[in-house]
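For reference, the structure discussed in these notes is given below.
Order of the sequence lines fixes the chain letters, A, B, ..., with proteins taken first and strands second; residue numbering starts at 1 for each chain. Source: prediction; values computed, not measured.
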Amino acid sequence: MSDPSRYQPQAIEANWQRAWQEQGLHDTPELEPGEQGFYALSMFPYPSGNLHMGHVRNYVITDVVARVQRLRGRKVLHPMGWDAFGLPAENAAIERGVDPGVWTDQNIASMRRQLDQLGLSIDWQREVATCHSDYYRWTQWLFLQFFEAGLAYRKEATVNWDPIDQTVLANEQVDGDGRSWRSGALVEKRKLRQWFLKITDYAQALLDDLDGLEGWPERVRTMQANWIGRSTGAELQFAVVNDDGTDTGEQITVFTTRPDTIFGATYVVLAPEHALVPSLTGAPQRLAVEAFCDLVSRQSEQDRTAEDKPKRGVPIGAQVRNPANGALMPIWIADYVLADYGTGAVMGVPAHDQRDFLFARQYELPVQQVIIPEGSDEHAFEGGAWTEAGVLIHSGRFDGLTTTKAKAAITAAAEAEGWGRERVQFRLRDWLISRQRYWGCPIPVIHCDSCGAVPVPTEQLPVELPRDVAFTGKGASPLAQLESWVQVACPCCGKPARRETDTMDTFMCSSWYFLRYSDPTNNQLPFSRDAVDSWLPVDQYVGGIEHAILHLLYSRFFTKVLRDRQLLSCGEPFTKLLTQGMVQGVTYKNPHTGKYIPPSEVADADDPRDPVSGEPLETFFEKMSKSKYNGVDPAQVIDRYGADTARMFILFKAPPEKDLEWDDADVEGQFRFLQRIWRLVDTALERGLTLADGAGSAAAVRAALAAAGADNLPPEDADLRRAVHTAIAAISEDLDGDYQFNTAVSELMKLSNAMAPLLADCHPVFAAEALRTLVVLLAPFAPHLAEELWQKLGGRTSGDSLNATSVHRQRWPEADGSALVRDTVPLVIQIK
RNA sequence: GGGAGCGUGCCGGAAUUGGUAGACGGACUCGACUCAAAAUCGAGCGCCUUCGGGCAUGUGGGUUCGAGUCCCACCGCUCCCACCA
């Protein structure tokens, strides 16, 4: 600590963090009317209490973006907050009896301390926490906006029930294996009355506007488009007929994307949950049908939808007439037809649909081919469905039409004759927002026997979460068990009524937090229109790929609804999106026992062996997690090497969007690089160089240039100028394009390597300017070190014309060498 | 099954977008300094070589004066969606 010539980050970083804080260097500047600010945003964390490397990577990336923009002279908004509702707090309450609010606030405080050590340029005055009532009252207010717009409604629905967490999950929270995204439990089905938001009303707009999101990764746009899942087809009606061939008056409506194959339909299948199933089932079939429906309802989503499962079904004893050719065909129910997609009914065309084919073969239903390959008069139909396009046969007046033409012609005929119409179908379902949990934002509704579901008047917001609750972890939510809170007078008629006891999906809270940052202390509105319009849309959003669908889609939906409610102007919230890769750690696993072994128990990293059995271990990189013992604690890295090394390493090690393999040896190498820069500056100081030799005087630079002759410099001077110029161009390009921080850091390292041997021999003016450029370029990546070096070089006391109190007031060099001007002082690097 | 993407040294990754492949870093080897170690500094580091060079970017073709980059086929890997009618 006493040796001033050694780079000791621990000795300088906290000081600079304090200095920035005291100077308010990262406070958000006021924007002039019409002025364009820059909004740099990280996805806010859940306050688990522990900062992990994934957080560090996320926030460091955003911080570099913010710092570069500030150096370029932009006014920057760079906020942070807490996605603070959610199950872990409630689980802590159940397991350890701590109050979820207290637990969460403690975690926020501790994570805030850890974040501060990273030297992030965050404006903490705009901090928000979704669990504080000055935030969630506006979440409730926004819910009422949806309600008023007819976009929030209640319906009884079959929902995903998580038997461990005792709550309902949205479709999106059930993973591909039919398990809860959080507890991992196999999801069951239940019927409950739930609140939904009508995101399907915006399906088309959400899809259309994806095209304009050029600053988003292609794959995220594709994932969203697939999730929305638009398909065009037709809705066709099949009349139910009695045994004697007369119509019963009932209709079965099916949705199909292949109306051209209707002449090949040989049966109709309903989902077991279809509303007409009970009434259409014949007496002899009733027992079988009920047994089958019961079986299906007990199946998990996984069993039901696994593609390799045999398709099962039963006939219900009724029949329909094919509207195209009048043929009578049986009605079946089957597990492969889903109640909540399309109309919950399909026409079975075994010849041209693989699922129908398998089903028909299993139950010996007739197969009628109606499409043949174009240009062939023979049937290409062999033992599997023919799903390609072709030409129609056995289709009456439509014979000979191609698939494409037949789709249009048959749909048109159906429309003209009244048995169908064109129909666009989305895969996207309405968003189920009800959660039977305590630690969430209460839904501001009161249920009254006479008035129905009544919104809580806005002046009564917030509906506060009661704090004196018992957590048993069993049965209904603690809210529903708290009669003193539930019983309330109806705002309409004043009669006794009951509060809604469901809380909102936490995705509700995170769908608008980026708007609140623009005006975080407003207590009249969630945000003023002026404030939100002056900062939104977010210029650069940074976060994990795991939010590619849910959070980003919901946020886009919110933004569009609020725009349509005249609360803001933009239709898309995030102009550019960067999805950073995971941080992976070295993982040791015993391939026989399947157990993960902590690295501390592995004696020899080159020949890892199980400490108990001595068996050789597998070594690989995997996403850091507690259960795999492969995590690296950011605090320990910072204690040892400092925040600047951690920042540089994480930026350098891999391109931001790719997975990053954490390697302690590499961190060491990064630290040594910063040490070399430190020594470089020390060497310059020993020679008596300061920034005053260069930038302090425009005249000095011009005089030096004139003396040397611009095209006739001594080789060292020319080499140095070239090295600096090249680095500036490369770094600017890396940062402007796709944020290739890894190569930008490389260029910086190359520059400092190239500089070291040249500084001793070149003109002091050039040497000083080159050093100044190096330090400024370093500033976004290793801000503490850059500040310290700037000060050591006399950047604050040299009579510098900017009188900079901080290197952050220095202008970032422009990509073309000629523009390397800091106010009136030309930088040396003007000639190639 | 549908979609997106990727394949370059021992490793992470570069390559001015069609122009000297392997930047920068790690690991490794040798040397200097040291009683020694660490740190630091210097050198080497794709493969083969008769030291002239030759061969190398998953495999096989193609376009081009020129291909890691563009086109076709194949092999392998990753991610997302998936009985969505």
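Remark: C1' of B:C83 and CG of A:D353 are 9 Å apart, rounded to the nearest angstrom. If you take CZ of A:F741 and P of B:G13, they are 17 Å apart, rounded to a whole angstrom. Atom pair A:I650:CD1 and B:G26:P shows a separation of 18 Å (rounding to whole Å applied). To the nearest angstrom, P of B:C79 lies 13 Å from NZ of A:K623. Atom-to-atom, CZ of A:R427 to P of B:C80 comes out at 14 Å; the value is rounded to the nearest Å. Taking atom CD of residue A:Q8 and atom P of nucleotide B:A39, one finds them 17 Å apart after rounding to whole Å. In this structure, A:M648 places its CE atom 21 Å from P of B:G12, rounding to the nearest Å. If you take CG of A:L428 and P of B:A82, they are 12 Å apart, rounded to a whole angstrom.
In this structure, B:G42 is classed as anti because its glycosidic torsion departs from zero by more than 90°. Under the 90° criterion around 0 for the glycosidic angle, B:G61 counts as anti. Base orientation for B:U16: anti, the chi torsion being more than 90° from 0.
Taking the six-membered ring for Trp and the full ring otherwise, A:W431 and A:F507 have centroids separated by 6.0 Å or more.
Distance check on atom P: B:A85 versus B:C6 gives 28 Å, rounded to whole Å. Comparing B:U69 with B:G19, their C1' atoms sit 11 Å apart, to the nearest whole Å. Taking atom P in both B:C45 and B:G58, the straight-line distance is 23 Å, to the nearest Å. Across the C1' atoms, B:G22 and B:C74 are found 27 Å apart, a figure rounded to whole Å. For B:A73 and B:G2, the P atoms lie 15 Å apart once the distance is rounded to whole Å. Going from the C1' atom of B:G53 to that of B:G62 covers 29 Å, rounded to whole Å. Using atom C1' as the reference point in both B:A23 and B:U57, the two lie 15 Å apart (nearest Å). B:G42 and B:G46 are spaced 23 Å apart, taking the C1' atom of each and rounding to whole Å.
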Report the C-alpha distance between A:Y363 and A:K311 in whole Å, list the side-chain angles of each, state the deciding distance to 0.1 Å, and finish with yes or no for side chain to side chain contact (heavy atoms under 4.5 Å, CB included). CA-CA 10 Å; A:Y363 294 104; A:K311 291 152 187 28; 6.0 Å; no
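For A:T743, the side-chain hydrogen bond (donor to acceptor under 3.5 Å, both in side chains) partners two or more places apart in sequence, or in a different chain, are A:D734. Scored by the side chain to side chain contact (heavy atoms under 4.5 Å, CB included) test, A:V667 finds A:V637, A:Y641, A:T645, A:F649, A:W662 as partners (sequence neighbours excluded). With sequence neighbours left out, the side-chain hydrogen bond (donor to acceptor under 3.5 Å, both in side chains) criterion links A:E422 to no other residue. Under the side-chain hydrogen bond (donor to acceptor under 3.5 Å, both in side chains) criterion, A:Q675 pairs with no residue, sequence neighbours left out. Not a single salt bridge (charged side-chain N to carboxylate O under 4.0 Å, His left out) links A:E661 to another residue, sequence neighbours left out. With sequence neighbours left out, A:R57 forms a salt bridge (charged side-chain N to carboxylate O under 4.0 Å, His left out) with no residue at all. With sequence neighbours left out, A:W419 forms a side-chain hydrogen bond (donor to acceptor under 3.5 Å, both in side chains) with A:E417. Scanning for side chain to side chain contact (heavy atoms under 4.5 Å, CB included) contacts around A:A327 gives A:N322, A:N325, with sequence neighbours left out. Partners of A:D639 according to the side chain to side chain contact (heavy atoms under 4.5 Å, CB included) rule, which considers only residues two or more places apart in sequence or in another chain, do not exist here.
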For RNA chain B, the dot-bracket notation using Watson-Crick and G-U wobble pairs below 3.5 Å, [ ] for pseudoknot-type crossings and | for other-strand pairs, is (((((((..(((......[....))).(((((.......))))).(((....)))..(((((..]....))))))))))))....
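Counting all heavy atoms, side chain and backbone alike, A:A360 lies closest to A:Y267 at N-OH, 4.2 Å.
Within 4.0 Å of A:P655, counting heavy atoms only, lie sugar-phosphate atoms of the nucleic acid but no base atom. As judged by a 4.0 angstrom heavy-atom cut-off over every strand, A:G669 is placed among residues touching the sugar-phosphate backbone only. Looking at heavy-atom distances under 4.0 Å, A:R219 makes contact with sugar-phosphate atoms alone, never a base.
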Polar atom pairs (N or O), protein with nucleotides 16-24 of chain B, under 3.5 Å:
| residue | atom | partner | partner atom | Å |
| --- | --- | --- | --- | --- |
| B:A23 | O2' | A:K750 | NZ | 2.6 |

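Map A:Q675 and A:R355 each onto its nearest nucleotide of RNA chain B; the residue landing nearer the 5' end is A:Q675.
Residue A:T222 places no side-chain N or O under 4.0 Å from the OP1 or OP2 atom of B:C81.
Within 3.5 Å, a donor on the side chain of A:R429 pairs with an acceptor on the base of B:C84, or the reverse.
If you check B:C81, B:G13, B:C41 against the side chain of A:A654, the one that comes closest is B:G13. Candidate nucleotides B:G13, B:C83, B:A27 were compared by shortest atom distance to the side chain of A:R672, and B:A27 ranks first.
Remark: A:D666 engages A:K653 in a salt bridge, criterion side-chain N to carboxylate O under 4.0 Å.
Scanning residues 659-667 of chain A for heavy-atom distances under 4.0 Å to RNA chain B yields A:D659, A:E661, A:A665, A:D666.
Aromatic ring pairs are classed by plane angle as parallel below 30°, tilted from 30° to 60° and perpendicular above 60°; the pair A:W332 and A:F359 is perpendicular.
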